[in-house]
Amino acid sequence: MNAPEPAFLLDETDRRLVRATQAGLPLVPRPYHAVAEALGLPPEEVMARLARMQQAGAIRRIGVVPNHYALGYRANGMTVWDVADEEVDALGERVGRLPWVSHSYRRPRALPLWPYNLFAMVHAHSREEVEARVQEIAALLGGACRARDVLYSSRILKKTGLRLAD
Amino acid sequence: MDATDRRILNALQGGFPVCERPFLAAAGPLGIGEAELIARIERLLEEGVLTRFGPLYNADRMGGVNVLAAMAVPEARFEAVAELVNAEPEIAHNYRREHALNMWFVGASDTPDGVEAAFRRIEERTGLTVYRFPKEREFFVELKLAV
């Protein structure tokens, strides 16, 4: 799953399609037809290209993107862990499978300021709930974990989708 | 938000169909009509319950890059620095977090140099170090927020 896959190569039409839809789909009964009309493409081609990008993983999913805060998930903790290098990949896989973890990555440390190499985003309704989940992750990591921290987000300063340059 | 809004949120965090009348196709299982689904999504966007509706693109899979970064911003300059960071089109997300590193953002671009150029501009304009935390490995997750 983590073997580097070749990137999906966008042609110029794909790029126009990404630019036309990255901020959202039109809220009309035939949204793909509306996009097609704006781009001067047949609707069938727009739908086929979107389906292909989705299949290739260039589109993760199509749907609603909720604002966690508005949904009551006000305690969003970025949990960070200093895990032994030789164990971090196997343990990271297990952390990622916890149902309330939305993202989990191995990242480089920035010593001495930042000793953490495993990031796991935890979404919960309260800090108490986050702390309980942190305990669960700590138990899973066991002795391989040397240090940890939880960074809470207190404000969204910006949230947009991918922006392809014009 | 009522029960129907919650059903929409739970059902449509992915899997919105690609077909001629996708709202019609998605509305049926939710027990509402096409026009009502469109109107509700429109309202949820206006109310800020949704940040967006549409395809969620993955820059990594399109030959682009997507890099997490952080800065330690002095409190007195926080708003001004946030404005400078947010003004960069490559900055997709920016969050305030409670830590010495108090501003965390994601640079996303379809060109490898785009993100790095944005980070350098931010460093020049703010005089602050941008700590880069590129992903070295992504672990599988399957999250949908239950409402």
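By convention in this document, chain letters (A, B, ...) are assigned in the order of the sequence lines, proteins followed by strands, and residues within each chain are numbered from 1.
Looking at B/Glu42, both its backbone and its side chain come within 4.5 Å of chain A, counting heavy atoms on both sides. Only the side chain of A/Gln54 comes within contact range of chain B, with at least one heavy atom under 4.5 Å from a heavy atom of that chain. Contact annotation for A/Leu50: only side-chain heavy atoms (C-beta onward) come within less than 4.5 Å of a heavy atom of chain B. Interface remark: B/Leu24 contributes no atoms to any contact with chain A (heavy atom separation under 4.5 Å). For A/Val95, no part lies near chain B; criterion is any non-hydrogen pair under 4.5 Å. Both the backbone and the side chain of B/Phe133 have a heavy atom closer than 4.5 Å to some heavy atom of chain A. Of the two parts of A/Asn76, only the backbone, made up of N, CA, C and O, holds a non-hydrogen atom closer than 4.5 Å to a non-hydrogen atom of chain B. For B/Leu44, no part lies near chain A; criterion is any non-hydrogen pair under 4.5 Å. A/Met78 touches chain B through backbone and side chain together, each having a heavy atom under 4.5 Å away.
A distance-only check finds no donor-acceptor pair linking the side chain of B/Asn58 to the backbone of A/Arg60 [under 3.5 Å]. Judged by distance alone, the side chain of B/Arg52 and the main-chain N or O of A/Gln22 form a donor-acceptor pair under 3.5 Å. A donor-acceptor distance shorter than 3.5 angstrom exists from the side chain of A/Asn117 to the backbone of A/Val83, with no hydrogens or angles considered.
Residue with the most contacts toward chain B among A/Leu98, A/Asp149, A/Leu113: A/Leu113 (heavy-atom pairs, distance under 4.5 Å). Your options are B/Ile91, B/Leu37, B/Val106, and the one with the most heavy-atom pairs under 4.5 Å with chain A is B/Ile91. Comparing B/Leu101, B/Leu68, B/Leu45, B/Val85 by heavy-atom pairs within less than 4.5 Å of chain A, the highest count is held by B/Leu68. Heavy-atom pairs under 4.5 Å with chain B were tallied for A/Pro43, A/Gly57, A/Gly92; the largest tally goes to A/Gly92. For the options A/Ala110, A/Ala48, A/Pro26, A/Pro108, heavy-atom pairs under 4.5 Å to chain B are most numerous at A/Pro108. Chosen from A/His33, A/Met53, A/Glu44, A/Arg109, the residue pairing most often with chain B at heavy-atom distances under 4.5 Å is A/His33. By number of non-hydrogen pairs under 4.5 angstrom with chain B, the leading residue of A/Ala120, A/Gly24, A/Pro29 is A/Pro29.
Between B/Phe53 and B/Phe16, the angle of the ring planes goes over 60°, which puts this pair in the perpendicular group of the 30/60° scheme. Note on ring orientation: taking the six-membered ring where Trp is involved, the planes of A/His125 and A/Tyr73 are tilted (angle from 30° to 60°).
Each of A/Tyr152, A/Tyr116, A/Trp114 was checked for a ring pair (Phe, Tyr, Trp, His ring centres under 6.0 Å) with B/His99, and the lone residue meeting it is A/Trp114.
Ion pairing of B/Arg132 with B/Glu123 is present here, as a side-chain N (NZ or NE/NH1/NH2) and a carboxylate O approach within less than 4.0 Å. Using a 4.0 Å cut-off between a side-chain N of Lys or Arg and a carboxylate O of Asp or Glu, B/Arg120 and B/Glu124 do not qualify as a salt bridge. The pair A/Arg19-A/Glu12 counts as a salt bridge, with a side-chain nitrogen and a carboxylate oxygen less than 4.0 angstrom apart.
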